[in-house]
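A note on names: the letters A, B, ... follow the listed sequences, proteins ahead of strands, and every chain is numbered from 1. These numbers were taken from a predicted model, which means no experiment stands behind them.
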2 protein chains.
Amino acid sequence: MSWLRGVRAEVVHESVRRTGGVPEATVGRLPLYLRALTPLHDQGITNIASEELAALAGVRSTQLRKDLSHLGSYGVRGVGYDVDLLAAQIAQELGLTQEWPVVIVGMGNLGRALASYGGFSGRGFRIVALADDDPAVVGTRVEGLTVSTLADLATAGPTVAIGVITTPAPAAQAVADQLVAMGVRSILNFAPGHLTVPDEVDVRGVDLATELQILAFHEQRRLLAVPTSGQVPSEDREVAG
Amino acid sequence: MSWLRGVRAEVVHESVRRTGGVPEATVGRLPLYLRALTPLHDQGITNIASEELAALAGVRSTQLRKDLSHLGSYGVRGVGYDVDLLAAQIAQELGLTQEWPVVIVGMGNLGRALASYGGFSGRGFRIVALADDDPAVVGTRVEGLTVSTLADLATAGPTVAIGVITTPAPAAQAVADQLVAMGVRSILNFAPGHLTVPDEVDVRGVDLATELQILAFHEQRRLLAVPTSGQVPSEDREVAG
DNA sequence: ATGACTTTGTGAAGGCTTGCACAAAGTCGA
DNA sequence: TCGACTTTGTGCAAGCCTTCACAAAGTCAT
Ligand SMILES: NC(=O)c1ccc[n+]([C@@H]2O[C@H](COP(=O)([O-])OP(=O)(O)OC[C@H]3O[C@@H](n4cnc5c(N)ncnc54)[C@H](O)[C@@H]3O)[C@@H](O)[C@H]2O)c1
Ligand SMILES: NC(=O)c1ccc[n+]([C@@H]2O[C@H](COP(=O)([O-])OP(=O)(O)OC[C@H]3O[C@@H](n4cnc5c(N)ncnc54)[C@H](O)[C@@H]3O)[C@@H](O)[C@H]2O)c1
C-alpha cells in the first residue's frame, strides 16, 4: 500500500470535500476493487478499462462505473482508469492513508493465526496489542507482541481503533463491552452470535458456520432440482451427534 | 444439532414440497436465527415470540416474521414459535438434516485453525479430508486426518460436497479448478481475490482485509464528522511500508 | 361463551440497488 | 481538422428488500 502514498497529495483536493453519500453497497465493493488493482500495479500496468477491472473484481462493468461515480472518480473516456490514481482514490475514501491500530482479543487457534497473518500491515492496519484472559497465555510473546489482559490494555495500552474478537462465543459480549469502554467503536467479531453495542459502535460479524450453511442451502437446491444424477452427500446414518 | 433429528419427520411433510422462492437475503439470515435458537433450546425454553428472537438475532421482528413466512413456517398467533420445531424447519430448509462432507485445502496457519475448530461437526458439516501440496506437510496427521494432495483426493478420496480454500492467493484459482474438476460445486474461499468458476458452482469469499476496510470507512466517517474530539488513529509517520 | 389482549402473517408503500440505454468526451489515424 | 471508434458517466426504469400498518387468529381470565 506504500505505492499509494505518492499520489495521495494530488487526490486529497478533489475528494476530501465530498463527504457524504456513498451507498453502503458501494462501500462493500470498494475493497474488492482495491484488491484487484494491487496486482495490476505490481505488473506495471498503468491503465485499465472498467470492463476489464470489473471482470477481475467479479462485478459488472456498469456497476463498477456507477460505484466509482459516487466517489467522484474521473476516468478518461475512451481510455479507462489510471491504476495508481484510482487505487489512491479508493484507499483515501476507505481511510487507508493512515494505519489503523488493531487489537486482537483471544489468543487461541484463530487469534494466533490472525496475529501471524501478514495481510494486516501494508493494507492499512497494524496489530498493536494482543489480549487474553488465560494466565497461562498472558505474558507470552506472539509475533513480537506480549499478550496482556484487556484490563491492562485499558489502563496502560496503546490507543486502538479496531478490536478483533476471537474468544469463545460466551465471552464475546463481555469482551465487546470492555472494548467499547476503552473507546473502540469498530469491532470485527469472529465468535458466533449477535453482539449488543451502543449505536455509535460498528460491529461486523464473520461466522464460518453461517457461510457454510448458505452454501449448503444452494447445494441442496441443486441436488433437489436434479434428483437423479450424481453425487449425494454422506448419508444421514446414525452418528455420534 | 442432534436435537433436531427427533422432530424432523413431522416437518418434512409440510415443507418439502415448497421448493422455490426463498429470497437470497432471507437465506443469508436463516443461519442467524438458527444460531439464536440453539442456546434457547439448551436453556429448556420451548416457546419464543418474534420480538424476542429478533432481538437475539439482531434484526427487526417484522423482518424475522417475513423471512419465516417464506418458508411457510407456522407460529401460533398470540403465543409465538415453538423453539425446537422452528429450528428443525430452518435446519431442513438449509439442508442441515444431512451432514455435508468438507475438504480443507491449504494446511497453513488458517487451515490448521479451521481443522481443529470444533464448530463444524454438530452443525451440519464434517471435515472428511485435508489437502496441501507441500511435501513436508503431506502425510502428516492433523486432528485425526492424514493430509494428502488434491490429486490423490481426486482419484482415491472420499466424496466431498464443499471445498474450503486456505492457500495463499496465487494458488487459489488453481485449487478451485481442481475442486471443480472433482465435482465440488460449493466453495468457501479465504484467500483474497476473485475466483472464476463455471456457472453452476457457488463461491463465497471471506476476506479479512475487506471486512476491516469497511470498518475503517465508517470509522473515518465518524472522525471526520466530529473533527475536534478524542482519539485519533496512529499518525501517518514514516513507516517501513 | 365472551371480551380483552397478544402476537402472527401479509398486502402495500417506500427505499435502496442494479442494469439499461445513451449522450458526452476523449483517442487515433489519415 | 475530421470522422470513426472507444469508453466513461448518468438519467431512468425495473427489481429486490425492508418497513409499516393492520386484519386474522389465537390465548386467557372470568
Ligand atoms: N478456530 C477456528 O477456525 C474458528 C473458525 C471460525 C470461528 N471461530 C470462532 O472464533 C473463536 C475462537 O476460536 P478458537 O478456535 O481460536 O478458540 P480457542 O479456544 O482456541 O481460543 C479462545 C481464546 O480466547 C481466550 N479467552 C476466553 N475468554 C476470554 C476473555 N473473556 N477475554 C480474553 N480472552 C479470552 C482463551 O483463553 C483462548 O485463548 C470462537 O468463538 C470460535 O467459535 C473459530
Ligand atoms: N492466517 C490468517 O489469519 C488469515 C486470515 C485471513 C485470510 N487469510 C488467507 O488465508 C490463506 C492462508 O493463510 P495462512 O496464513 O494459513 O497461510 P500459510 O502460508 O500459513 O498456509 C498456506 C498453506 O497452503 C499450502 N499451499 C500452497 N499452495 C497450495 C496448493 N496449490 N495446493 C494445496 N496447498 C497449497 C501451503 O503449503 C501452506 O501450507 C491466505 O490466502 C491468506 O491470505 C489468512
**Prompt:** Between B/E51 and B/R65, is the closest basic N to carboxylate O distance under 4.0 Å?
**Reply:** no
**Request:** Scan nucleotides 19-30 of chain D nucleotide by nucleotide, 5' to 3', and note B when protein non-hydrogen atoms come under 4.0 Å of the base, S if they reach only the sugar-phosphate, - if neither.
**Result:** B----BBSS---
Rounding to an integer number of Å, can you tell me how far [X] [atom1] sits from [N] [atom2]?
X: A/H70; N: C/dT18; atom1: NE2; atom2: C1'; answer: 11 Å
X: A/D67; N: D/dG9; atom1: CG; atom2: C1'; answer: 13 Å
X: A/L64; N: D/dT7; atom1: CG; atom2: P; answer: 14 Å
X: B/L68; N: D/dT18; atom1: CG; atom2: P; answer: 13 Å
X: A/L71; N: D/dG9; atom1: CG; atom2: C1'; answer: 13 Å
X: A/D82; N: D/dT7; atom1: CG; atom2: P; answer: 16 Å

**Under-4.0 Å side-chain N/O to phosphate OP1/OP2 contact, B/Y81 with C/dG9** = yes
**Message:** Tell me whether the side-chain N/O atoms of B/S50 come closer than 4.0 Å to OP1 or OP2 in C/dT8.
**Reply:**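 Yes, because at least one side-chain N or O of B/S50 sits under 4.0 Å from OP1 or OP2 of C/dT8.
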**Message:** Please check: side-chain N/O of B/Q173 versus main-chain N/O of B/T196, any donor-acceptor pairing under 3.5 Å?
**Reply:** yes
**Pairs involving residues 25-35 of chain B, ordered by first then second residue, that meet salt bridge (charged side-chain N to carboxylate O under 4.0 Å, His left out) (sequence neighbours left out)** =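 The answer is A/D207-B/R35, B/R29-B/D67.
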**Prompt:** Which of residues 24-31 of chain A sit near DNA chain C, with a heavy atom under 4.0 Å from it?
**Reply:**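 Nucleic-acid contacts, sorted: A/A25, A/R29.
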**Request:** Only one of A/V79, A/L86, A/D84 passes side-chain contact (heavy atoms from CB on, under 4.5 Å) with A/D82; say which it is.
**Result:** A/D84
